[in-house]
Amino acid sequence: MFKYEVIKTCKQSGARIGKLYTPHGIVDTPVFMPVGTNATVKSLAPRDLDDINASIILSNTYHLYLRPGHDLVKKAGGLHKFMNWNKPILTDSGGFQVFSLSKMRKITDDGVTFSSYIDGSKHYFTPERSIEIQEALGSDIMMAFDECTEGNADFKTARKALDRTMSWLDRCYKYKNKTAENQIIFPIVQGNMYKDLRLESLERILPYAECGFSIGGLSVGEPKEVMYEMLDILKPHYPSGQPRYLMGVGSPDCIVEGIMRGIDMFDCVLPTRIARNGTAFTKYGNLNVRNAKYKEDFTPIEEDCDCYCCRNFSRAYIRHLIMSGEILGGKLLTLHNLHFLIKLTENIRNAINEDRFGDFYKEFISNYDWNKKI
RNA sequence: GGAAGGAUUCCCGAGUGGCUAAAGGGAGCAGACUGUAAAUCUGCCGGCUCCGCCUUCGAUGGUUCGAAUCCAUCUCCUUCCA
């Protein structure tokens, strides 16, 4: 039921395009997956996601387990039906919450105790529990339950987290309902910023990978160059027939750099979160529409962008909405930012298909500056 | 006409003799955000030649070593009684 085909490798850059077949449709890679943690990409309806050509989205095991509860989602007919999204869904395992809720959890080799961010109640997560919940949700791609560490973790901590992630991975697969062919597990490479650990991790997860695997624990506070270094180390050792998913990345520049380094799938909260906070992606850098200089700027966010936001509304109007706390402001910028990344991957796929991604890369990187304020 | 209360930095609003350029909100200005505890959070927010100085708490004058804080007069506002 799951299959990955490499369609073409760019002669100029070595980057590739492919097709990931899932029970809910085909995903063209490289792909950016919008994040819908709570069974919704914040502020958007599925129709909006269709409009910007989103082909797969991500949701979260831990959040949906806490509320409304995976049993309820199952009763509703599964996550796809519950949220009325008929294309593929990938669920994160709760592994990232091991990291992001560090002040509210306790880890042992067996599992993790979390205090609910909603009401403080205690909950125990294990690899088995995570898979059980993801099976109840019915996502296409389930993530292995892993331990993600801080970008500056010492070797001993990274080593321990890696070993724990490996043992948890084994338990995930052992628990998985083998008869359920409509769901697949992606194992996750960890190893923090230690090259030898990264390589070891990749080697150890590959026997588990059936049709795709992830690189986790990056973009967690380390400089971008360090992340790129890690990707460079891993690249020669990837099997070609499986998609590689770089978790939690990213920004436009990180996506372009990632694809150059062999990555096929990305997800990130950045486009949706910064949109709600008033920032828009552009091909030159970030535009903070709250800035006073846009008060009487009646041009669109990006003149040549064909998204609904840019075709119909001015910077001045969106600024007014954001400054007034109006919900439409965040929605319009969310549409723009997601469209920006999805269109970016589309353009890259075309470039790869035409053996000119090397040129595309050079041009993009020369124009783009994450730190530039538009 | 009489009585009472009040006027504080862009707005609201604390503050009743030194620790006050003046709490706290709001607005404004800027920044952060990368498998979402985030429509959140952080910083600035009288002026300057900025480790110090100058101007500010309705106005003017006074008491005091020292006042937004006490006194006098005035101006304006609110409420109540005629």
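To find a chain, count down the sequence lines: A is the first, B the second, and so on, and within it residues start at 1.
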Can you tell me the Watson-Crick or wobble partner of C29(B), both distances under 3.5 angstrom? G43(B)
Using the ring of each side chain (for Trp, its six-membered ring), is F125(A) parallel, tilted or perpendicular to Y62(A), with breaks at 30° and 60°? perpendicular
Fit a plane to each ring of Y368(A) and F364(A), take the angle between them on a 0 to 90° scale, and name the class: parallel (under 30°), tilted (30 to 60°) or perpendicular (over 60°). parallel
Can you tell me the distance, in whole Å, between the CD1 atom of I374(A) and the C1' atom of A30(B)? 16 Å
Sort out the partner of G66(B) for me: Watson-Crick or G-U wobble, both distances under 3.5 Å, none otherwise. none
What integer number of Å spans the P atoms of G24(B) and A39(B)? 26 Å
My understanding is that a pair needs two contacts under 3.5 Å, Watson-Crick or G-U wobble. By that rule, which nucleotide pairs with C57(B)? none
Without decimals, in angstroms, what is the distance between M247(A) CE and G35(B) P? 10 Å
Can you give one letter per nucleotide of nucleotides 36-41 of chain B, 5' to 3': B if a protein heavy atom sits under 4.0 Å from the base, S if only from the sugar-phosphate, - if neither? BBBBB-
Measure the acute angle between the ring planes of F145(A) and W168(A), then classify it against the limits of 30° and 60° as parallel, tilted or perpendicular. parallel
Determine the Euclidean distance between corresponding C1' atoms of C10(B) and C29(B); express it in Å to zero decimal places. 13 Å
Between C1' of G35(B) and CD of E222(A), the distance in whole Å: 13 Å
Euclidean distance, M83(A) CE relative to I89(A) CD1, rounded to 0.5 Å: 5.5 Å
If we take the C1' atom in both G2(B) and U20(B), what is their distance in whole Å? 39 Å
Tell me the partner of U36(B), counting only Watson-Crick (N1-N3 plus N6-O4 or O6-N4) or G-U wobble (N1-O2 and O6-N3) with both under 3.5 Å; none if nothing fits. none
Does A30(B) have its OP1 or OP2 closer than 4.0 Å to a side-chain nitrogen or oxygen of N288(A)? no
With a 4.0 Å cutoff (strictly under), does any side-chain N or O of K373(A) reach OP1 or OP2 of A32(B)? yes
If I pick the C1' atom on C12(B) and the same atom on U60(B), what distance separates them, to the nearest angstrom? 28 Å
Could you give the CG-to-P distance, from N291(A) to C44(B), as a whole number of Å? 19 Å
U75(B) pairs with, by Watson-Crick or G-U criteria that keep both distances under 3.5 Å: A7(B)
Between U55(B) and G6(B), how far apart are the C1' atoms? Round to whole Å, please. 26 Å
Heavy atoms only, 4.0 Å cut-off, all strands: where does G330(A) land among base, sugar-phosphate and nothing? nothing
Find the distance L333(A):CG to C33(B):P and express it as a whole number of Å. 17 Å
Is the CD atom of E210(A) crowded by more than 12 outside heavy atoms at less than 6.0 Å? yes
Determine whether the side chains of H63(A) and T61(A) contain a donor N or O and an acceptor N or O closer than 3.5 Å. no
Taking side chain to side chain contact (heavy atoms under 4.5 Å, CB included) as the criterion, tell me which of L58(A), T272(A), D267(A), I57(A) meets it with P34(A). I57(A)
Residue among L162(A), D163(A), N192(A) satisfying side chain to side chain contact (heavy atoms under 4.5 Å, CB included) with L197(A): L162(A)
Regarding Q12(A) and D359(A), is there a side-chain donor-to-acceptor distance under 3.5 Å anywhere? yes
Which of these, I141(A), L49(A), D28(A), T22(A), sits in a side chain to side chain contact (heavy atoms under 4.5 Å, CB included) with I56(A)? I141(A)
Rounded to whole angstrom units, what separation is found between the CZ atom of R319(A) and the C1' atom of G28(B)? 9 Å
Measure the distance from NZ on K293(A) to C1' on G28(B) and round it to the nearest whole Å. 17 Å
Same-atom distance (P) from C41(B) to G25(B), integer angstrom: 12 Å
Below 4.0 angstrom, which residues in residues 184-216 of chain A have at least one non-hydrogen atom near RNA chain B? I188(A), Q190(A)
Assign G278(A) to base, sugar-phosphate, or nothing according to its heavy-atom contacts below 4.0 angstrom with the strands shown. nothing
Taking only the P atom of each, what is the distance from C54(B) to A21(B) in whole angstrom? 12 Å
Which base, if any, makes a Watson-Crick or G-U wobble pair with C48(B), both distances under 3.5 Å? G52(B)
Identify the nucleotide, in any strand shown, that forms a Watson-Crick or G-U wobble pair with A22(B), with both distances under 3.5 Å; if there is none, say none. none
What orientation do Y317(A) and F313(A) show, parallel under 30°, tilted 30 to 60°, or perpendicular over 60°? parallel
In whole angstroms, how far is the C1' atom of U34(B) from the CD1 atom of I263(A)? 14 Å
C76(B) to A59(B) separation - C1' atoms, rounded to the nearest Å: 11 Å
Reckon K224(A) touches a base, only the sugar-phosphate, or nothing at all at heavy-atom distances under 4.0 Å? base
Looking at Y228(A), is R261(A) sitting on its ring face, NZ or CZ under 6.0 Å from the six-membered ring centre and within 45 degrees of the normal? yes
